[in-house]
Amino acid sequence: MANERLRVLEDVEKEIAAILQCAGNIVLELSKDKHNASFLDRQLVQFQSSVNRVESELSGQIRYLTQVATGQPHEGSTYSARKDCQMALNRAEYAKVKLGELGRTCEVMLEQPQQHQQPT
Amino acid sequence: MATQRVLPQSKETLLQNYNKRLKDDIRSILDNFTEIIKTAKIEDETQVSRPTQAEQDHYEMHVRAANIVRAGESLMKLVSDLKQFLILNDFPSVNDAISLQNQQLRSLQEECDKKLTSLRDEIAVDLYELEEEYYSSSSERCFLVLFGACWVWSCLLCCTCSAFSSISN
């Protein structure tokens, strides 16, 4: 849900850039000797819709924040679950080390009879 | 429908300030753009000479264009402030994120401990077979391997005991 709201705000930033782009395109087209009326209409419609969309989205976000903000700091934490998980991974790593040592011991024991059997 | 909370003065003032900035910037963009379009209209009769009028219009358009850009940048700053406010004060989404993270960490921990427990049980079976082999022969190799397996099994037993104690806590 938080990511969705942040993504909406990033879209609003792109809309603001589109507003300035449309305004520039309109003025650029008006500076020409012969104007393309359909292009001007399209750019103007896009400009107006972008401005309305930006205003409505930002007003909506401010209204939502007015409803959910409490003014208090959030005291939630994932520390205990993270610590327990870290300890579980440490246990698994420790078991892996010990099994590795056992495996090496078995290999050493298997090599020893072969060394005894080699002719001197 | 959620009722309006009683916010501390600073938070409420901040949100009102955000609203004001939004309204002012949108109004600035629209007004300045409208004036630029009006200024672009060429009039037949002017109070000053045509070059002077053109120079004045040119300067006015520059200033109004700069105002539009300033209002756009102010809106970008407002969006940035809103993002920051959202991350810090949107408690429903923060709670959801925390509970999801806790759930993922706990499931990882349980999977780890379950695998350790099954490993301990498998080694216990192998240890039993090794013990039988050891007690039925006098091989030194058997003794060393049996000792190593006992050691690993006791380590795994300690691991699973600590896992169960952490779960009960």
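As the structure is a computational prediction, the values presented were derived from the model and not from experiment. Scope of the values below: all heavy atoms of this structure, side chains included, with no hydrogens, waters or symmetry mates. Just so we're on the same page: letters track the sequence lines, and every chain starts at 1.
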Within residues 60-68 of chain B, which positions have a heavy-atom distance to chain A below 4.5 Å?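 Contacts with chain A: B:Ile68.
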
I'd like to check B:Leu119 versus A:Leu99 (side-chain heavy atoms, cut-off strictly below 4.5 Å). Are they in contact?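 B:Leu119 vs A:Leu99: side chains touch.
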
Side chain proximity check, B:Phe85 to A:Ile62, heavy atoms < 4.5 angstrom: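 Not in contact.
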
Can B:Lys83 and A:Leu6 be said to form a side-chain contact (heavy atoms from CB on, under 4.5 Å), step by step? CA-CA 6 Å; B:Lys83 279 185 191 175; A:Leu6 289 173; 3.9 Å; yes

Could you please state which residues from residues 24-38 of chain A sit under 4.5 angstrom from chain B, measuring non-hydrogen atom to non-hydrogen atom, sorted by number, or 'none'?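 A:Ile26, A:Val27, A:Leu30, listed by number.
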
Largest heavy-atom contact set with chain A, pairs under 4.5 Å, which of B:Lys23, B:Met76, B:Gln104: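 Option with the top pair count is B:Met76.
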
Closest non-hydrogen atom pair between [X] and [Y], with its separation:
{"X": "A:Ala88", "Y": "B:Cys112", "result": "O-SG, 3.7 Å"}
{"X": "B:Leu86", "Y": "A:Arg5", "result": "CD2-CB, 3.5 Å"}
{"X": "A:Leu20", "Y": "B:Gly72", "result": "CD1-CA, 4.5 Å"}
{"X": "B:Leu82", "Y": "A:Leu65", "result": "CD2-CD1, 3.7 Å"}
{"X": "B:Pro92", "Y": "A:Tyr64", "result": "CG-OH, 4.1 Å"}
{"X": "B:Asn102", "Y": "A:Ser77", "result": "ND2-O, 4.1 Å"}

Examine whether an atom of A:Glu13 lies under 4.5 Å from a heavy atom of chain B, and if so say whether it belongs to the side chain, the backbone or both; otherwise answer neither.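 Both backbone and side chain.
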
Which atoms of A:Val12 are under 4.5 Å from chain B, going by heavy atoms: the side chain, the backbone, both sets, or neither?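 Contact with chain B: side chain only.
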
Just verifying a value: how many Å separate [X] [atom1] and [Y] [atom2], rounded to the nearest 0.5 Å?
{"X": "B:Ile37", "Y": "A:Leu40", "atom1": "CD1", "atom2": "CG", "result": "8.5 Å"}
{"X": "A:Leu58", "Y": "B:Asp25", "atom1": "CG", "atom2": "CG", "result": "10.0 Å"}
{"X": "B:Leu116", "Y": "A:Tyr94", "atom1": "CG", "atom2": "OH", "result": "12.0 Å"}
{"X": "B:Leu30", "Y": "A:Gln48", "atom1": "CG", "atom2": "CD", "result": "8.5 Å"}
{"X": "A:Asp84", "Y": "B:Leu108", "atom1": "CG", "atom2": "CG", "result": "11.5 Å"}
{"X": "A:Met87", "Y": "B:Gln109", "atom1": "CE", "atom2": "CD", "result": "10.0 Å"}

Tell me, side chain or backbone of [X] under 4.5 Å from chain A's heavy atoms, or both, or neither?
{"X": "B:Leu75", "value": "both"}
{"X": "B:Ile98", "value": "both"}
{"X": "B:Phe33", "value": "side chain"}
{"X": "B:Asn95", "value": "both"}
{"X": "B:Lys115", "value": "neither"}

Tell me which of these, A:Val54, A:Val51, A:Asn90, has more heavy-atom pairs under 4.5 Å with chain B than the rest.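 When all of A:Val54, A:Val51, A:Asn90 are compared, A:Val51 has the most.
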
Give the member of A:Arg82, A:Glu10, A:Arg63 that has the highest number of heavy-atom pairs under 4.5 Å with chain B.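 Answer, by heavy-atom pair count under 4.5 Å with chain B: A:Arg82.
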
side-chain contact (heavy atoms from CB on, under 4.5 Å), that's the test. Do B:Asn89 and A:Val68 meet it? Break it down for me. CA-CA 7 Å; B:Asn89 294 286; A:Val68 302; over 6 Å; no

Within a radius of less than 6.0 Å around [atom1] of [X], do more than 12 heavy atoms belonging to other residues, nucleotides or ligands occur?
{"X": "B:Tyr128", "atom1": "OH", "result": "no"}
{"X": "A:His74", "atom1": "NE2", "result": "yes"}
{"X": "B:Gln53", "atom1": "CD", "result": "yes"}

Please determine whether residues B:Val69 and A:Phe47 belong to a single hydrophobic cluster, defined as Ile, Leu, Val, Met, Phe, Trp and Tyr linked transitively by side-chain heavy-atom distances below 4.5 Å.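 No.
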
